[in-house]
Enquirer: 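The structure that follows is given in the form of structure tokens.
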Amino acid sequence: MAYKKTIDVQAAVAIAAAEAISAKTQGTFGVGGLMLDQHGNVLQSVHSNVIKQGLIFDPTAHAERQLIDWYYAEKARGAVLPAPCDVTIVTSLDPCCMCTGAILAAGFNVLVAAPDLSAGINYDGAASFVALPAALRTQAAASFSYPAVLGASSYRRSASGAAPKSFFIGKTIAEPTQALCSLVFEATSEAVLALFQNDLPREQLRDPATLPADHAIVQGLKQLYPDALTHRCMPQQPDAGLAPFLRQAMQRDREHGGAGDAVALLDGFGNLLLCMSGRLSQSGIRSAFMETTRAYAQLRYKLMAGATPERQQEVQQYLGHPKEGTFVFALGPDDSALSFMNLGAYGSTMEGPLPIYNPAQFQYVLPRLSDAALEQLCAAMPPLYRDVIRIRPVAVADQLLASELSACAGS
Ligand SMILES: [Zn+2]
């Protein structure tokens with residue numbers, strides 16, 4: 001059966017730009033994207049949903065990440081969709097580390113309009129993908145496309161990366177459209193990043209373990225995770241008491257098609273808030289960290305959206321930003337695409353410097369890379385992750401916790 005070509009690169013990028021403008025009107029990052037099948041038909045288009053009603057709704061709700069979860073959700077409902085290698089994501093802005101890891105883990109192609117010098121995977125413009133673990137660079141070079149931008153201004157560029165797929169009629173981006181993609185993002189990023197720094201300082205936080213059991217905050221936590229607030233350690237010092245919770249989540253992760261991936265979130269008082277597994281059987285990118293950071297952000301959003309200022313203040317007091325607490329990964333980072341996605345999603349959760357009193361916010365129990373390899377991985381990440389957030393996962397200090405989990409990981 002012969003198919004007629006249906007779309008230009010320029011027309012596809014214009015759709016992404018229109019989505020980015022919708023994102024700006026919502027007050028979130030001005031980024032949009034769409035998904036095309038192997039003939040250039042639009043399957044779906046979305047924009048960033050990180051911010052809603054002036055509140056953090058979901059730090060992982062970037063356009064590309066949402067498109068990938070949409071794809072898997074449609075497949076799960078029985079929709080007939082082409083394989084990821086036949087699908088192209090068109091995005092108004094260079095994918096961040098989270099979205100890049102998700103795209104590579106799932107195996108989609110991507111076509112990129114504007115650069116992102118801070119968080120983009122091609123932040124240096126060389127299309128050599130040095131920010132990725134070496135094992136992933138070839139795949140990225142073969143699937144990430146940066147079409148030429150025609151024009152005479154600073155937006156002009158020659159094509160790099162993979163060639164745009166053959167179904168595109170025209171293969172270039174017009175200068176005004178490229179400029180629009182850049183300008184819409186630039187017009188939003190400062191205000192959105194400021195919202196990530198809106199949380200209360202440590203001195204004003206209160207211990208949720210002191211709340212009555214029927215309080216909406218406690219009930220919200222227990223609904224997400226029935227064991228919430230049943231374990232407590234010294235702040236920032238996860239101990240062996242966390243082992244049963246992580247072990248149970250690791251087991252659940254295996255039942256959901258994972259390799260024993262589990263992540264706990266402790267608050268600044270040392271309370272266990274959440275401990276979740278991944279759901280890879282539902283979507284190839286629903287890792288334990290994605291589930292955990294999303295669940296926590298959406299709980300805060302649900303309790304605050306539309307609430308009185310007093311109520312919003314109370315939620316902020318008892319449920320501080322995760323940067324005040326500790327994420328504990330059962331399995332440390334490795335050089336896979338999913339692990340890179342997690343590092344990126346961690347960056348998207350923080351979106352700014354970690355508090356100086358909490359440099360070990362990201363801890364892991366079982367190492368999967370040598371410390372030197374992990375150091376190298378973090379040092380290669382784009383400037384936002386490397387210089388601003390300074391992502392540097394560290395092994396938990398408690399040896400007993402490590403030995404309790406390694407027994408579990410081996411079984
Ligand atoms: Zn992203």
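Whatever order the structure lists ligands and atoms in, that order sets their numbers, starting from 1. Atoms considered below: every heavy atom in the structure, side chains included; atoms not considered: hydrogens, waters and symmetry mates.
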Enquirer: Got a sec, which pairs hit side chain to side chain donor-acceptor pair (under 3.5 Å) with one end in residues 93-116, sequence neighbours left out?
Expert: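 Matches after skipping sequence neighbours: Asp94-Tyr146.
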Enquirer: Please tell me if the side chains of Leu104 and Phe340 come closer than 4.5 Å, counting only heavy atoms from C-beta onward.
Expert: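 They are not in contact (no side-chain heavy atoms under 4.5 Å apart), so the answer is no.
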Enquirer: Give me the one residue out of Tyr364, Phe329, Phe362 that meets ring-ring contact (aromatic ring centres under 6.0 Å, His included) with Tyr346.
Expert: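 Exactly one candidate clears the test, Phe362.
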Enquirer: Can you see whether Gln44 engages Tyr71 through a side-chain donor-acceptor pair at a distance of less than 3.5 angstrom?
Expert: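 No donor-acceptor contact under 3.5 Å links the two side chains.
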Enquirer: Which residue pairs pass the side chain to side chain donor-acceptor pair (under 3.5 Å) test when at least one of the two sits in residues 14-35, sequence neighbours left out?
Expert: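 Listed once each, the pairs are Glu19-Ser45, Gln26-Asn49, Thr28-Ser48.
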Enquirer: Output, by chain and residue number, all protein N/O/S atoms separated from the Zn ion (ligand 1) by less than 2.8 Å.
Expert: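 Protein N/O/S atoms under 2.8 Å of the Zn ion (ligand 1): His62 ND1, Cys96 SG, Cys99 SG.
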Enquirer: Using side-chain hydrogen bond (donor to acceptor under 3.5 Å, both in side chains) as the criterion, list what pairs up with Tyr318, not counting sequence neighbours.
Expert: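 For Tyr318 there are no side-chain hydrogen bond (donor to acceptor under 3.5 Å, both in side chains) partners, ignoring immediate neighbours.
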